[in-house]
Amino acid sequence: MTTEHAPLVAALRELRARTGLSLAALAERTAYSKSSWERYLNGRALPPRQAVVDLCRVADEPEGRLTALWEIAEAQWSARGAASAAPAPTPRPPAARPAPDPVRPHGRRGRLMVVLTSAYVLLAGGIALAHFLLPGRGTADDEPLSAPVPHSTGPQCRGAACEGLDPIRLICGINPDTLTTYRTATGAHVELRHSRKCGASWARAWGTAIGDRVEVEAGGPAHEVRVANRDDTETYVYTGMAAARPGSTVRACFSPASPEGERECVEARVGAPASPQ
């Protein structure tokens, strides 16, 4: 398993675990066989992009981040394949003209690879990226999966030190508690999450529209995120973190872009059952 491939494998495993499906059941719901899924989830083969999309569909998960991970893995996978297939160079005198430039990304796909790779480096901090992007769940494997995926050492902040910071980059998004999930009048979902290790909470949203805003607070400063573009509407958006101790109340509010829409809020108590308002 390659460095670029590992985050995708981890994400696929997490997503498959969320479905609770066996590999045989997953094969029945997609166009890919049980043995194919076993190879994909073990990291022995790069899945087709459509297999990633199909798993997102089965799990009712936005496909944006998973397909971004696939693009990164596929680009590096293809580049290595081309390099390994190339014959060894034969020693010769200097050529009369310069050798061709190395293969460079070009066009829309090339630019996308540059953007995705940059985002990967910034967000990943290592190959634990996939663990940050998906809700923490127990493994529901009924077949053993090999090649465990390495992960980062642990959260990079705690309590007040996390205030306003990105839960993904600070590694607080590994196995968080979901305090509550709320569906708004526009169909968007707002979820309150809490990291016990970081002592902080945040809100994430999906199914949003450009211009929607989500904010979170836990008795201190409010932290807001705005849905800025189409890419944001196709995946999750996250607020910054709010320091939250056990027993404290965390509040998230959703403000739709439409001027006719109304602001909606939901509250949850850390370590206690949630109560939408």
Side-chain angles (χ1 to χ4, degrees), residues 11 14-15 17-20 56-66 131-138 162-168 170 172-277:
E14 291 278 352
L15 200 55
R18 287 180 55 192
T19 68
C56 290
R57 171 183 53 79
V58 170
D60 193 24
E61 181 82 5
E63 66 184 54
R65 290 189 186 271
L66 271 293
H131 289 294
F132 312 157
L133 305 180
L134 298 169
R137 307 284 178 177
C162 297
E163 195 73 48
L165 301 182
D166 187 328
I168 307 307
L170 274 295
C172 293
I174 299 179
N175 297 325
D177 295 326
T178 297
L179 302 180
T180 189
T181 302
Y182 178 71
R183 182 183 176 91
T184 71
T186 66
H189 289 78
V190 177
E191 190 169 73
L192 277 170
R193 315 204 84 192
H194 178 77
S195 168
R196 299 180 188 180
K197 291 184 177 180
C198 291
S201 296
W202 64 95
R204 71 173 184 174
W206 66 95
T208 53
I210 295 174
D212 289 349
R213 292 181 295 111
V214 181
E215 66 180 46
V216 68
E217 60 92 12
H223 306 291
E224 179 182 285
V225 64
R226 181 178 179 274
V227 180
N229 51 45
R230 182 177 176 182
D231 289 342
D232 285 350
T233 68
E234 294 177 349
T235 183
Y236 296 122
V237 291
Y238 297 81
T239 68
M241 290 183 282
R245 297 178 178 179
S248 60
T249 297
V250 184
R251 179 182 178 90
C253 292
F254 172 83
S255 299
S258 171
E260 292 80 22
E262 296 184 358
R263 189 169 185 258
E264 301 176 61
C265 296
V266 61
E267 289 185 354
R269 187 177 297 275
V270 176
S275 57
Q277 291 186 347

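Here the structure is a predicted model, which means the values were calculated and not measured.
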Quiz item: For the residue pair Thr239 and Pro167, what are the closest heavy atoms and their distance?
Solution: O-CD, 3.5 Å

Self-check item: Residue pairs, two or more places apart or on separate chains, that pass salt bridge (charged side-chain N to carboxylate O under 4.0 Å, His left out) and touch residues 217-229
Solution: Arg213-Glu224

Quiz item: If you measure SG to SG, does Cys172 sit under 2.5 Å from Cys198?
Solution: yes

Quiz item: Which distance, rounded to the nearest 0.5 Å, do you find between the SG of Cys56 and the CZ of Arg65?
Solution: 12.0 Å

Quiz item: Do Trp202 and Ser195 have side chains that get closer than 4.5 Å, going by heavy atoms?
Solution: yes

Self-check item: Inter-residue atom distance Thr249.OG1 - Leu192.CG, 0.5 Å rounding
Solution: 10.5 Å

Self-check item: Atom pair OG1 (Thr180) and CZ (Arg269), whose distance is rounded to the nearest 0.5 Å
Solution: 13.5 Å

Exercise. To the nearest 0.5 Å, tell me how far Glu267 CD sits from Leu179 CG.
Key: 12.0 Å

Exercise. Applying salt bridge (Lys or Arg N to Asp or Glu O under 4.0 Å), name anything that partners Arg196, two or more places apart in sequence or on another chain.
Key: Asp177

Self-check item: Identified side-chain contact (heavy atoms from CB on, under 4.5 Å) counterpart of Thr208 within the set Val227, Thr184, Thr186
Solution: Val227

Exercise. Evaluate the side-chain proximity of Thr233 to Ile210: yes if any heavy-atom separation is below 4.5 Å, no if none is.
Key: yes

Quiz item: Are any non-hydrogen side-chain atoms of Arg204 and Arg193 less than 4.5 angstrom apart?
Solution: yes

Quiz item: Do Phe254 and Asp212 touch side chain to side chain, with heavy atoms closer than 4.5 Å?
Solution: yes

Quiz item: Take atom CG in Asp60; do more than 12 heavy atoms of anything else shown fall under 6.0 Å from it?
Solution: no

Self-check item: Shortest non-hydrogen contact between Val190 and Ala252, atoms and distance
Solution: CG1-CB, 4.0 Å

Exercise. Please check if the side chain of His194 supplies one atom and the backbone of Ala200 the other of a donor-acceptor pair under 3.5 Å.
Key: yes

Quiz prompt | Ala243 to Glu163 - nearest heavy-atom pair and separation | solution = N-OE1, 3.2 Å

Quiz item: Which of these, Glu264, Glu191, His189, sits in a side-chain hydrogen bond (donor to acceptor under 3.5 Å, both in side chains) with Tyr182?
Solution: Glu264

Practice problem: Inspect the contact between Arg251 and Glu215 and indicate whether a charged nitrogen and a carboxylate oxygen are less than 4.0 angstrom apart. | Solution: no

Quiz item: Is there a salt bridge (charged side-chain N to carboxylate O under 4.0 Å, His left out) between Glu63 and Arg57 once you walk through the steps?
Solution: CA-CA 8 Å; Glu63 66 184 54; Arg57 171 183 53 79; over 6 Å; no

Quiz item: Which pairs pass disulfide bond (SG atoms under 2.5 Å apart) with one or both residues in residues 227-262, sequence neighbours excluded?
Solution: Cys253-Cys265

